[in-house]
Protein chains: 2
Amino acid sequence: MSDMTSTPDAPRSPGRPRSIRADEAIIEATLDLLAEGSTIEALSIEAIAARAGVGKATIYRRWAGKDALLLDALRRLKGVPAQPAGHSVRDDLVLLVGAIGKNVDPRAAKIMPCLAPAVNRSSDQFQLYQSIISPRRQLMREVLRRGIDEGVLRADIDVEVTMALLTGPMLIQRVLQWNPDLDEQTLPVQVVDAVLEGIRVR
Amino acid sequence: MSDMTSTPDAPRSPGRPRSIRADEAIIEATLDLLAEGSTIEALSIEAIAARAGVGKATIYRRWAGKDALLLDALRRLKGVPAQPAGHSVRDDLVLLVGAIGKNVDPRAAKIMPCLAPAVNRSSDQFQLYQSIISPRRQLMREVLRRGIDEGVLRADIDVEVTMALLTGPMLIQRVLQWNPDLDEQTLPVQVVDAVLEGIRVR
DNA sequence: ACGATACGGATCGGTCCCGTATCGTTAATC
DNA sequence: GATTAACGATACGGGACCGATCCGTATCGT
């Protein structure tokens, strides 16, 4: 949490302790509202409090404001990235590409697109966004490096560009519905194979 | 316009005619404010009126509300897609990929990302979005088909998937700043060449 | 000159939200 | 049982915005 009065070595705090259920309920309510279509700035503390069955004061007791709460709430969305098996480079890439935009928390799929515009406005939110996707990028980077070491992939490819190549098509389709004619199900395999083989006649 | 009292066969409307300058000023103010970082729902009629040097009533006289105004304003952003030269398939693709997210109207680059979340919420805005990018997709589709016909590209590629392959990386980088380590300048060439050649050792 | 209408500007009531304050109640410790 | 602080609920003043309406003025066609 950002500014909760968490005292690691409990020096005894008198009075009624803060409700852990309230903490959870507030975070969950925030994510639920976002997932239901509310945009970040349309989200109100009052709506969150009502949804969480909590008084507004209970929220302000824990966070300084909407931004601090949002930052904490979004952090919960990180989820666990898919773990590649490590056998076939192609299979690992298909797995990673297929996992793009698919988080353990189904709400994340709805929320992430809304983050996009905020990312270019707030430095904090940009950092948050990067901290979420960075580990996933690292996973793919390792698979590509492995492919190069094993001699499956060309040694002269630009790994960063290749990651964008694999990620981009999946992301614009899942997040923007870029092309209604594309099939999201088969797209990961198609993308990976196309990138592997190239499209030029040879 | 959405609900202007436009009478095609001018039967002469009495009274003072509407100012064309006001029309333009309102649209321009809307786009300017969006480009300056305002999000769609943070945009207020009052701010637009103030910026345009126009009374609020002047806006309400022309549009039913913010949504109608926005729809009209965003339609102005379409701009003219880049025209491929038609000589080299590779060069044409580099040109088209490089043009992604780069519109004649520099404000469009700032505004388009903000559209992303709205696209999944409003059917109208989804249609608008598709109507903007659809002609550009068509342009790339034609270049790819030409490449196949000329025997430069493999005949068995999925053209739609290939378009996503070329567009995705550029779009996530320009719109989301997906990977800070990528160079936007060289990315078009890198993407096109990588897609053309593939990354597999052969 | 006249009616009609649009103009920029100002004001109004209503709604929503923020952040704070204050209720009576509840749950822990002493 | 007394103390203490968090609880849900509610009210507050302040602010932003909406949509409507009204000024007095400007600009048309007649």
Side-chain angles (χ1 to χ4, degrees), chain A residues 1-7 9-30 33-34 36-73 118 122, chain B residues 1-7 9-30 33-34 36-73:
Chain A
M1 299 291 164
S2 278
D3 48 353
M4 288 190 61
T5 58
S6 58
T7 38
D9 53 295
R12 280 288 38 87
S13 64
R16 177 175 174 175
R18 287 194 178 161
S19 157
I20 306 174
R21 291 191 58 237
D23 282 273
E24 205 60 32
I26 293 167
I27 296 282
E28 289 299 304
T30 305
L33 288 172
L34 280 176
E36 281 166 16
S38 169
T39 45
I40 288 186
E41 66 252 358
L43 198 65
S44 70
I45 298 281
E46 294 196 343
I48 294 172
R51 175 60 156 268
V54 147
K56 283 203 297 173
T58 302
I59 294 181
Y60 282 107
R61 222 169 269 130
R62 292 163 160 76
W63 290 278
K66 190 165 68 176
D67 290 345
L69 168 56
L70 266 170
L71 221 61
D72 275 355
S122 153
Chain B
M1 299 293 160
S2 278
D3 49 353
M4 288 188 60
T5 57
S6 60
T7 38
D9 52 296
R12 276 295 36 90
S13 62
R16 176 175 174 176
R18 289 194 178 162
S19 158
I20 306 176
R21 291 190 58 238
D23 282 275
E24 204 60 33
I26 294 168
I27 296 282
E28 288 299 304
T30 306
L33 287 173
L34 280 177
E36 281 168 17
S38 168
T39 44
I40 289 188
E41 67 253 356
L43 199 65
S44 73
I45 297 282
E46 294 195 341
I48 295 172
R51 175 61 156 266
V54 145
K56 283 203 300 175
T58 302
I59 295 181
Y60 283 111
R61 220 170 269 129
R62 290 154 210 269
W63 292 277
K66 191 165 68 174
D67 289 345
L69 168 55
L70 267 171
L71 220 62
D72 275 354

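Every chain is numbered from 1 and lettered A, B, ... according to where its sequence line falls, protein lines coming before strand lines. Values below: every heavy atom of this structure, side chains too, minus hydrogens, waters and symmetry copies.
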>> Taking side-chain hydrogen bond (donor to acceptor under 3.5 Å, both in side chains) as the definition, give me every residue that meets it alongside R51(A), ordered by chain and number, with sequence neighbours left out.
In response: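 Partners of R51(A) by the side-chain hydrogen bond (donor to acceptor under 3.5 Å, both in side chains) criterion, ordered by chain and then number, come out as E36(A).
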
Counting just side-chain N and O atoms, does [X] come under 4.0 Å of either OP1 or OP2 of [N]?
{"X": "R18(B)", "N": "dA4(C)", "result": "no"}
{"X": "R61(A)", "N": "dC7(D)", "result": "yes"}
{"X": "S19(A)", "N": "dA6(D)", "result": "no"}

> What's the shortest heavy-atom distance between A22(A) and S19(A), and which atoms?
Replying inline: N-OG, 2.9 Å

What is the distance from [atom1] of [X] to [atom2] of [N], rounded to the nearest Å?
{"X": "I48(B)", "N": "dG19(D)", "atom1": "CD1", "atom2": "P", "answer": "11 Å"}
{"X": "I45(B)", "N": "dT15(C)", "atom1": "CD1", "atom2": "P", "answer": "20 Å"}
{"X": "I20(B)", "N": "dA6(C)", "atom1": "CD1", "atom2": "C1'", "answer": "13 Å"}
{"X": "E41(A)", "N": "dC16(C)", "atom1": "CD", "atom2": "P", "answer": "18 Å"}
{"X": "I59(A)", "N": "dC7(D)", "atom1": "CD1", "atom2": "P", "answer": "11 Å"}
{"X": "D67(B)", "N": "dC18(D)", "atom1": "CG", "atom2": "P", "answer": "11 Å"}

> Taking the side chain of Y60(A) as its heavy atoms from C-beta onward, which of dG19(C), dG8(C), dG19(D) lies nearest to it?
Replying inline: dG19(C)

> For DNA chain D, which consecutive runs of 3 or more Watson-Crick or G-U pairs (each distance under 3.5 Å) count as stems?
Replying inline: C:1-30 with D:1-30

> Is the closest basic N to carboxylate O distance between R18(B) and D23(B) below 4.0 Å?
Replying inline: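 No, this pair does not count.
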
> Got a donor-acceptor pair under 3.5 Å from the side chain of R16(A) to the base of dT4(D)?
Replying inline: no

> Less than 3.5 Å between a donor and an acceptor, one on the side chain of K56(A) and one on the base of dG8(D), is that the case here?
Replying inline: no

> How long is the gap from CD1 on I48(B) to CG on L43(B), to the nearest 0.5 Å?
Replying inline: 4.0 Å

> Rounded to the nearest 0.5 Å, how far apart are OG1 of T58(B) and CD1 of I45(B)?
Replying inline: 11.5 Å

> E46(B) or K66(A): which one's nearest nucleotide on DNA chain C is closer to the 5' end?
Replying inline: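 Its nearest nucleotide lies further toward 5', so the answer is E46(B).
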
> Which residue, L43(A) or A57(A), contacts DNA chain C at a nucleotide closer to its 5' end, judged by nearest heavy atom?
Replying inline: L43(A)

> Run the side-chain contact (heavy atoms from CB on, under 4.5 Å) check on L70(A) and L34(A) step by step: do they pass?
Replying inline: CA-CA 10 Å; L70(A) 266 170; L34(A) 280 176; 3.8 Å; yes

>> When you measure from the side chain of K56(B) to the backbone of A49(B), do you find a donor-acceptor pair of N or O atoms at a distance under 3.5 Å?
In response: no

